[in-house]
Amino acid sequence: PPRQGFRMPSNAVPYRFLFALGVACLLLGVLPGCESHEGVVPARISWDPHASGNHQMALYGEVVPNPLRAVVEGPVRPGLLGGAGTRAVAVGHTVRFEIENPESGATLEPGGGTAVEVKTDASGTAQVSLRAGQQPGDIVIQASVPEYPDAGRLDYRVIAGVQGIG
């Protein structure tokens, strides 16, 4: 004969399983985007993988079409169960952009000088615009994290006096 008394609804087991899975994920810290980026120590600077602004062209006195963008990230955090791991972005750190050949006459915006320091935003990205000078040829811009020289540096190249067609 069937047992009398309290009977669990048929959907109770899946909810318990989902609750346990959610708690486990929070405890293991595998939910991307939920971690805090405060206090992340910069370990590397790299080009923005979506739009770095490297290898552009501009006519004399014009601003290049896309800003120069750098991303500052912390050290690799090991992945779950031996996975590749990830890097958290470093928020609020200073990135220095500097024109290596100021004789080109190029300037960085904001400010209009040959060097500018900007803070990384919530995505760990720092960006500046470049105005070509009146001299033809390459403009080389270096980006670095002054407080963390071991994070490396980036070298951008922009060509002045040339316009891309097509």
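- Expressed to the nearest 0.5 Å, how far CD1 of Ile99 lies from CZ of Arg131 amounts to 11.5 Å.
- Residue pairs meeting the ring pair (Phe, Tyr, Trp, His ring centres under 6.0 Å) criterion with at least one partner in residues 121-144, sequence neighbours excluded, are absent.
- Counting heavy atoms from C-beta on, the side chains of Glu147 and Thr94 come closer than 4.5 Å.
- The hydrophobic cluster analysis finds Val63 isolated: no Ile, Leu, Val, Met, Phe, Trp or Tyr side chain comes under 4.5 Å of it, directly or through other members.
- Residue Leu130 comes nearest to Ala106 through the heavy atom pair CD1-CB, 4.1 Å, listed as atom of the first residue, atom of the second, then distance.
- Partners of Arg69 under the salt bridge (charged side-chain N to carboxylate O under 4.0 Å, His left out) rule, at least two apart in sequence or in another chain, are Asp48.
- Take Thr86 and apply the side-chain contact (heavy atoms from CB on, under 4.5 Å) test, not counting sequence neighbours, and it matches Arg77.
- The two atoms that bring Ala126 and Val118 nearest to each other are CB-CG2, 3.6 Å, heavy atoms only.
- For Asp121, the salt bridge (charged side-chain N to carboxylate O under 4.0 Å, His left out) test picks out no residue, with sequence neighbours left out.
- By the side-chain contact (heavy atoms from CB on, under 4.5 Å) test, Glu98 is found to be paired with Arg96, Glu100, Ala115, residues two or more places apart in sequence or in another chain being considered.
- A salt bridge (Lys or Arg N to Asp or Glu O under 4.0 Å) check over residues 50-68, counting only residues at least two apart or in different chains, returns nothing.
- Looking at heavy atoms from C-beta onward, Leu108 lies out of side-chain contact with Thr114 at the 4.5 angstrom threshold.
- A donor-acceptor pair under 3.5 Å is formed between the side chain of Thr120 and the backbone N or O of Ala90.
- Sorted by first and then second residue, the ring pair (Phe, Tyr, Trp, His ring centres under 6.0 Å) pairs involving residues 60-100 (not counting sequence neighbours) are His93-Tyr148.
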Enumerate, atom names and distances included, each donor-acceptor pair closer than 3.5 Å involving a side-chain atom of residues 40-47, sequence neighbours excluded.
{"from": "Arg44", "atom 1": "NE", "to": "Glu73", "atom 2": "OE1", "distance (Å)": "2.7"}
{"from": "Arg44", "atom 1": "NH2", "to": "Glu73", "atom 2": "OE1", "distance (Å)": "2.8"}

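- Using a 4.5 Å cut-off on side-chain heavy atoms (C-beta onward), Gln56 and Asn66 make contact.
- Transitive grouping of hydrophobic side chains (ILVMFWY, heavy atoms separated by less than 4.5 Å) brings Val72 and Leu68 into a common cluster.
- Taking Ile, Leu, Val, Met, Phe, Trp and Tyr as members and joining any whose side-chain heavy atoms lie under 4.5 Å apart, directly or through other members, the hydrophobic cluster of Met57 also contains Ile159, Val162.
- Listed by chain and number, the residues in a side chain to side chain donor-acceptor pair (under 3.5 Å) with Thr107 amount to none (sequence neighbours excluded).
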Table please: side-chain donor-acceptor pairs of residues 134-145 below 3.5 Å, with sequence neighbours left out.
{"from": "Asp138", "atom 1": "OD1", "to": "Arg157", "atom 2": "NE", "distance (Å)": "3.2"}
{"from": "Asp138", "atom 1": "OD1", "to": "Arg157", "atom 2": "NH2", "distance (Å)": "3.1"}
{"from": "Asp138", "atom 1": "OD2", "to": "Arg157", "atom 2": "NE", "distance (Å)": "3.1"}

